[in-house]
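As a basis for the values below, the full set of heavy atoms in this structure was taken, side chains included, without hydrogen atoms, waters or symmetry mates. Please read these numbers as outputs of a predicted model, since none were measured by experiment.
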Number of protein chains: 2
Amino acid sequence: MPRTRHDTFPAIPLPEAFDSERAKGDQLREILEAMVATEPPGTLLPSERSIAQRFHVARMTVRQAINELAARGLVRRAMGTGTFVAEPRVSHSTTAGSFSDDMRQRGLTPGARVISVREQPATVLVAERLRIAEGDPVVTLNRLRSADGVPMAVEQTRLPGARFPGLAALVTDDVSLYGVLADRWAVRVRTATHRVSAIVLAETDAALLDVPTGLPSFLIERTAYDEAGLVIEWGRSRYRGDRYDVVFDTTPD
Amino acid sequence: MPRTRHDTFPAIPLPEAFDSERAKGDQLREILEAMVATEPPGTLLPSERSIAQRFHVARMTVRQAINELAARGLVRRAMGTGTFVAEPRVSHSTTAGSFSDDMRQRGLTPGARVISVREQPATVLVAERLRIAEGDPVVTLNRLRSADGVPMAVEQTRLPGARFPGLAALVTDDVSLYGVLADRWAVRVRTATHRVSAIVLAETDAALLDVPTGLPSFLIERTAYDEAGLVIEWGRSRYRGDRYDVVFDTTPD
DNA sequence: AAGTGGTCTAGACCACCAA
DNA sequence: TGGTGGTCTAGACCACTTT
């Protein structure tokens, strides 16, 4: 009886077959991401070879999938030993899950005015960001976000339409998008990554925010993931720089 | 009109042979890195297949080498078109404890040029930030921070002089401030808080950074604490916005 | 000694893009 | 249509760690 060193990890969910329309590596990565999300830090993953055998793919394919998880800090490799679920890297401060949370943490009342909502086929760029196929339905939501009635940001966000059918009709003024996702689809954000760039506001956005054109501001690109590691949302928002700061903490290892 | 699509790149330096003691991919990556460093953004790299042929390695080996450059943002891949030297852009990450760590994590060499260093009595503002008494000695350090020789930020930082006597004389060009604190006083940063504001660069800072006045940029205010929760450092730095992003993750509770 | 991740090979087929 | 990057295969040998 072969007793392997990898019997600490629960059984791997094995799909009947991979969707031939999508890359095996991507599907495998999502499966592994879901596994990792449900296990505590330090849990040993199955070896690359055993995963490859189990899913009938080459080891190189497994490595490529795990590489992405390692790059995102979800797992940690140990030469000669194995691959482990990583300690969550935390930047604890305004650990806000959304604009609304963010504003409430600052003691302000969040607001949302819907500028437009529509469902369209995914372009190449959006498909890549949402990790769906080009042409799949995408809900594009444009909103003006405010705090205590003062416009703070022009928000554009996109969600996979196939996963949230009928979403477009549910988002109206002052509705919490994440509230809708939680109530209607029981989906919650587990992590979100942000990239902040420095910009000056263009005329259109400045007019919506009621500030001068050219105001130094932030472009914040945001990708939100659920428990399984699937992309729930990808968006780009412009925050006025005169009334908004980005605050975060760091804890060196 | 170019004859081939890949004649824009100069000849690749081909070593006599790879050092068998080191991984081919690593050596190849260094060669490619050197090439990329000498060419302007937008330059087309040789195709993966031609590099593989030239260096007598498998294409997968070339891809792995290029993957690392792409992950570090040095090159940009374009499906069906080729791989290009990227516009350099580094980002502030939440995992790094300092500017130097931040740059090193990205494979860049951090630099620091001391503009001025002096010891003065604390003003009301500085005393409050450092949690010392007004008039207590404060070391004020102005530095120009760079990555691979490219100026990235104008940094002003202040430390309590009473705690670090003689510090001013120890900080010279390319010296790690945190290294000095660790070696000489056994002080390490446990946490740091950051507040990022959107600004446009004033003439003086723009000149130091060698960018146009008015460039959209970041003002980052930073307070660092030691294990005991004492303030080690308070500073304000201006980061150029054209080559610098702020990246952070959030994990809602 | 056995198992692990790290590296590498020599192909293959695909989707994409420019001429 | 030819060249490109994207993906994948089915192996191989290595250095490393643990038993």
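When the salt bridge (Lys or Arg N to Asp or Glu O under 4.0 Å) test is applied to Glu221(A), the partners found at least two apart in sequence or on another chain are Arg129(A). Partners of Thr157(A) under the side-chain hydrogen bond (donor to acceptor under 3.5 Å, both in side chains) rule, at least two apart in sequence or in another chain, are Glu233(A). Remark: Gln64(B) pairs with no residue by the side-chain contact (heavy atoms from CB on, under 4.5 Å) rule, at least two apart or across chains. When the side-chain hydrogen bond (donor to acceptor under 3.5 Å, both in side chains) test is applied to Arg63(A), the partners found at least two apart in sequence or on another chain are Glu48(A). Residues forming a salt bridge (Lys or Arg N to Asp or Glu O under 4.0 Å) with Glu33(B) (at least two apart in sequence, or on another chain): Arg29(B), Arg72(B).
Between Thr81(A) and dT4(C), a side-chain N or O to OP1/OP2 separation shorter than 4.0 Å is absent. Between Thr83(A) and the phosphate of dG5(C), there is a side-chain N or O to OP1/OP2 separation shorter than 4.0 Å.
The separation between Leu32(A) atom CG and dG5(C) atom P is 12 Å, rounded to whole Å.
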Give each protein N/O atom lying under 3.5 Å from an N/O atom of nucleotides 6-13 of chain C, with the pair distance.
from	atom 1	to	atom 2	distance (Å)
dG6(C)	OP2	Arg63(A)	NH1	2.9
dG6(C)	OP2	Arg63(A)	NH2	3.0
dG6(C)	OP2	Arg77(A)	NE	3.0
dG6(C)	N7	Arg59(A)	NH2	2.8
dG6(C)	O6	Arg59(A)	NH1	3.0
dC8(C)	OP1	Lys24(B)	N	2.2
dC8(C)	OP1	Gly25(B)	N	3.1
dC8(C)	OP2	Gly25(B)	N	2.9
dT9(C)	OP1	Lys24(B)	NZ	3.0
dT9(C)	OP2	Ala58(B)	N	2.6
dT9(C)	OP2	Thr61(B)	OG1	2.5
dA12(C)	N6	Arg59(B)	NH1	3.4

